[in-house]
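Below is one structure, written out as structure tokens, with a few remarks after it.
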Amino acid sequence: LKIITGLMEPVDGDVTWNATSIFKHRQTYLESLHYIGHLPGLNGTLSIKENLEWLCQQALSDKALASCLSQIELTGYENTPVKQLSAGQTKRVALARLFLQNKPLWILDEPFNALDKEGQAWFSASLLEHSQSGGLVVLTSHQIPAELMGFREYKL
């Protein structure tokens, strides 16, 4: 993951995105991807809204925030500090940035951790929708929900 996110260069070979080395055109590549690591990357003292605005580096309209909170099933929690959320709710907030910015490549480390069965089904549907609309998902996981079993799509 460190190599395909551009955090580490390979000893040999190259990683390309749109037929261009990610190391030669780093900024263009980074603008195309969302990387969400194993840790949520959230500030517990900030509200959900404040965290999402910080992660997206922009103020969110009421409509965009409401739509996102509805999608992650946390409507009405926008002003709740993240430290007051359950582990599953915190994971949903961490994943929410995927839906606020339209980026084609999602690189995810253990995205199903802390999600209950309903959360796993919700996020599996989100992954399939992103993939079916032309996006690419690369993920690591120790648990693959039933909705994704057998789903593999390779585009060359």
Side chain to side chain contact (heavy atoms under 4.5 Å, CB included) between T5 and L30, intermediate numbers included: CA-CA 8 Å; T5 56; L30 293 178; over 6 Å; no

Shortest non-hydrogen contact from K103 toward L33: CD-O, 3.3 Å

Straight-line distance of T16 OG1 to F23 CZ, nearest 0.5 Å: 10.5 Å

Distance in Å, I36 CD1 paired with E110 CD, rounded so as to fall on 0.5 Å steps: 13.5 Å

Side-chain donor/acceptor of R97 to backbone N/O of L52, under 3.5 Å: no

Name every donor-acceptor pair, under 3.5 Å, that has one atom in a side chain of residues 64-83 and the other anywhere in the protein, sequence neighbours excluded.
from, atom 1, to, atom 2, distance (Å)
E73, OE1, R92, NH1, 3.4
E78, OE1, G76, N, 3.4
T80, OG1, Y77, O, 3.2

E9 vs I3 side-chain heavy atoms within contact, under 4.5 Å: no

Atom pair CG/CG of N102 and L100 - distance to nearest 0.5 Å: 11.0 Å

Interatomic distance, Q120 atom CD to N113 atom CG [nearest 0.5 angstrom]: 9.0 Å

Rounded distance (nearest 0.5 Å) linking atom OG of S32 with atom NE2 of H25: 12.5 Å

Non-hydrogen side-chain atoms of I48 and L85 separated by less than 4.5 Å: yes

Check: L46 main-chain N/O paired with N51 side-chain donor or acceptor under 3.5 Å: yes

Non-hydrogen side-chain atoms of C56 and Q101 separated by less than 4.5 Å: yes

Main-chain N/O of S47 paired with E50 side-chain donor or acceptor, under 3.5 Å: yes

Contact summary for P40 and A94, nearest pair of heavy atoms: O-CB, 3.7 Å

Side-chain donor-acceptor pair present, N18, T20, cut-off under 3.5 Å: no

Cluster overlap M8 with L1, hydrophobic side-chain contacts below 4.5 Å: yes

Parallel, tilted or perpendicular: rings of F123 and F112 (30°, 60°): perpendicular

Min side-chain heavy-atom separation L115-L95 under 4.5 Å: yes

Any donor-acceptor N or O pair under 3.5 Å, side chains E129, S126: no

Shared hydrophobic cluster, L108 / L7 (ILVMFWY, side-chain heavy atoms < 4.5 Å): no

Pair L136-W17, side chain to side chain contact (heavy atoms under 4.5 Å, CB included): steps then yes or no: CA-CA 11 Å; L136 176 66; W17 177 253; 3.9 Å; yes

Whether H130 and W106 hold their rings parallel, tilted or perpendicular, with breakpoints at 30° and 60°: parallel

L55 side chain near L42 side chain, heavy-atom distance below 4.5 Å: yes

Smallest separation among heavy atoms of L60 and E53, with atom names: N-OE2, 3.0 Å

Approximate separation, where rounding is to 0.5 Å, of L39 CG and K91 NZ: 8.5 Å

Heavy-atom side-chain proximity of L139 to I107 below 4.5 angstrom: no

Flag, side chain of Q89 to backbone of S86, donor-acceptor distance under 3.5 Å: yes

